[in-house]
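Let me begin by presenting the structure, written as C-alpha cells, before commenting on it.
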Amino acid sequence: MRNPILPLVTCLLALVSTPARAADPIKVGAILSVTGPASFLGAPESKTIQMFAEDLNAKGGLLGRKVEVIVKDSGGSPEKALSFAKQLIEEDKVLAILGPSTSGETMQIKGLCEEQKTLLISCAAAEVIVNPVAKWVFKTPQKDSDAVVKIFQHMKSKGLTKVGVLSSNTGFGKAGKEQLEKLAPNFGVQIAASEVYDKAATDLTAEVTKMKGAGVQAIVNWSIEPAQALVIKNARQIGLTIPIYQSHGFGNINYVKAAGAAAEGVIFPAGRLLVADVLSDKHPQKQVLVAYKKGYEARFKEDVSTFGGHGYDAMLLLAEAVKKAGSTDKEKVRAALEGLTGLVGTAGVFKMSATDHNGLDVEAFELLTVKDGRFVTLAQ
Amino acid sequence: MAGELFFQYLIAGLTYGTIYAVVGMGFNIIYNATGIINFAQGEFVMLGGMTAVSLHAFLPLPLAIVVAVLVTMVVGALIEVTFIRWLSRPSVLRMIIITIGISILIREAALLLWGQDVRALPYFTGNEITSIAVGGARISPQVLWTLGACAGLVVLVTAFFRFTMLGRQMRACAANRVAASLCGLPTRNLITLSFVLSAGMGALAGCVVSPITQTQYGIGTGLAIKGFTVAILGGLGNSLAAVAAGLLLGIIESFSVSLLPTAFKDAVSIAVLLAILFARPSGLFGARAATRP
C-alpha cells in the first residue's frame, strides 16, 4: 500500500538539499500467480514477500533506502508473465524480479531477463531454470532431481524396483517426469507405467487402474495441482495398498485435508519448514524456520507452506546480495548474489556459485509422511 | 484384459460418467424454457459445492446441502432478475454472451469470497478410502450417491416437464415466447423459474460430486464443458438422454485410458462427440432438429 504522504515528503527532502536519490525506494518486481490454478504457490509467496519487505522497511530498509515491492498477478499464465516482466523492466526499472511461481512462466521470461540484464530469482522448482546456468537467473526451491534422488534412495532401501509414474501436464509435472525417467536406472528402478493427466482432472480412477494393471510396487505422482489428492484417494478406493510417493508439491496441508484418510502414509520429499516445530534445536535452519512460520501464521491466520518459503528465500537472497554489494548496481548485486554461501534460508543452506545458481543439494530435502492428518518426518 | 481390470475400468467410466451426467442435466432446464445454453451452469455447480462446504462447518451434512441448494437458487433468481429479465426481446446470441459474462462474475466473486483453496464435502458414506467390492473391482459409495442423484433428478424433471402445468408452460415458453405470452402465460416469471430450478440442480450436482472431484472456485468451467458436451451428445432438453450420454462418454474415456496414454482421453471423447453429431445432428436421443423453429 502506498502512502500518499511519502512522495510529498520526498519532494520536500529534495528541496532541502538532501540528494533525492538517497530517499528513492529500491524497486523490486514480483511476478506471482496470486490467483488461478497455481494460486496456492503465488498467494503465499506474495504475502510472504510483502511481509518480508514491510519488516525490512520497519528496520530501516536496505542501504538506508526503503524497499518497494511491485507485485504483478500473472494468474499462472506464461504470456501474462512475459508482458509483466517487460513492464517491470522497462517502465518500473526494477532492480530484480522475484518469481514467477511456476516453471513454465519462469522459462518464458528467462530469455528476457538475460537480455535486459535484470536479476531473476525464480520461486519455481524445475531444474531447467538454472541448468544450464544463465548469468542473471537464480532459483530458490530445491532441485527436482534432488527430490527424485531422495525418493529413489528410499525405494532402494525398501527394495522397490518396479514403479508407476503419474504426472500432470504442466511444466512442473513434465520436468519431474523427465528427471524420474532419467535417474531411475541409477537406482535399479524400472518405470513400468507412466501416465500424464490434465491439470484440471476431477477423477483419476482409470489412471490408477492402469497402474494396478501394470503390477507396479509403488506409485510416484508428480504434480502441484489438487489432483495430487485425487491420485491417492482413487488409488486407495480401487484397493491399491502399495506405497505412494508424491513430489515436494504435496507440501500443502490443504491437500492432506482434501485427501483425508487416503493421505495417511503418503511419502514425499520436502523442505524442513513443514516440520519446523519438531526439528532439533541444533539444526542450522531451526531458527529461521520457526521465525518465518510464527511471523506468517500470526499475520495471515493460515498455515505456512513451503511455497511461501520460496518467496521468503528469494527476498532474503536479494536483500543479502544488496547488503553485500553495498550498492544497487545490477551487475554488482548479481555478482554478490553469486558469491553468497552459507546463507540459511527456509529451503536449506544456500551455497551459490558461478556454476550453481540454486545452491541447494539433496540434503535440503527431508522425507516426510502424513500421520493423523499432520506432516511428520518419516521414520527411517 | 483381465476381467477384474475390465470391471475396474468400467467403474472408472461410471465415475466420470455420473459426474458429467449430473452436471449436464442442469443445462436442460434453462434450455427447455428459453432455448439458450446457460454458460454459467458450471458456476452454479461450484457455488453449490462451495456453499455446502462452508455451511457444513456448523450444519449437519444433509441440512448444509439443502441450504446450499436454496442459496444457489436465490442466486439464480437474482441473476435472472438483474441481468436477463429487463431485456425486451433478447436474441439467443445476446443471452449466451450475457451468461458467459455472469459465469466470469460468479467465478471472480467466489475467488474473493473463498480464496483459492481446494475444499471438499466429506463422503456421504464412509470416507476417502471406503469402497465396495463389485465382481473383483471396487467402487466408491459416492459414485452410487451420484448415480442415485441422477436417477432422482431424471424422474423429477421428466415428470415436471411432462405432467405438471408449470412444466408445460415452460416448454410452451421455449417453443414460442410471443405465442406463449399471447396465451396469457407469465413468460418472464417462467424464465426466472427456469434459472431458479437450473441453479438448484447445478448446486445439488455440485454437492454430490464434491467429495469425488473436490471443489475450488474455478472448477465450474471444466465441469460445465463436459456437462455441456453430454447435454448436446444426448440431445438438448432431454434429461434421461443426458445421463445416458454422460455414462457413455465416461466409459469411452475410461477405456481410452486403458489403451492409449491419458493425454489422448479428451481427444478421443471429442472425436466421438464430433462423429455422433455428424451422423445425428440432434444428438443421440434428440428427436427435434438442433435449430429451434
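Computed from heavy atoms alone, side chains included, the values below leave out hydrogens, waters and symmetry copies. Remember, it's a predicted structure, so these values are computed and weren't measured experimentally. Below, chain A is the first sequence line, B the second, and so on; all start at residue 1.
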How long is the gap from [atom1] on [X] to [atom2] on [Y], to the nearest 0.5 Å?
X: Gln214(B); Y: Asn254(A); atom1: CD; atom2: CG; result: 10.5 Å
X: Arg236(A); Y: Arg138(B); atom1: CZ; atom2: CZ; result: 12.5 Å
X: Phe255(B); Y: Thr209(A); atom1: CZ; atom2: OG1; result: 9.5 Å
X: Ile129(B); Y: Leu240(A); atom1: CD1; atom2: CG; result: 12.5 Å
X: Ile238(A); Y: Thr15(B); atom1: CD1; atom2: OG1; result: 10.5 Å
X: Thr205(A); Y: Tyr9(B); atom1: OG1; atom2: OH; result: 11.0 Å

- Pair Tyr123(B), Gln237(A): side-chain N/O donor-acceptor within cut-off below 3.5 Å: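 Looking only at side-chain atoms, Gln237(A) and Tyr123(B) do form a donor-acceptor pair, the distance falling under 3.5 Å.
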
Let me know if [X] has heavy atoms under 4.5 Å from chain B in its side chain, its backbone, both or neither.
X: Ala235(A); result: neither
X: Ala200(A); result: neither
X: Asp203(A); result: both

- Query: Any donor-acceptor pair under 3.5 Å linking the side chain of Lys257(A) with the backbone of Val118(B)?
  - Reply: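 No; judged by distance alone, with no hydrogens or angles, the pair does not exist.
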
- Message: Whether the side chain of Lys212(A) engages the backbone of Leu5(B) through a donor-acceptor N/O pair (distance < 3.5 Å, no angle test) should be reported.
- Response: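 The answer is no, because no donor-acceptor pair under 3.5 Å joins these two groups.
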
- Return the option, out of Gln216(B), Lys226(B), Glu128(B), with the maximum number of heavy-atom pairs under 4.5 Å with chain A.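 The candidate making the most pairs under 4.5 Å is Glu128(B).
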
- Side-chain ion pair, Glu195(A) and Lys265(B), N-O less than 4.0 Å: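 Looking at Glu195(A) and Lys265(B), the cut-off is not met.
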
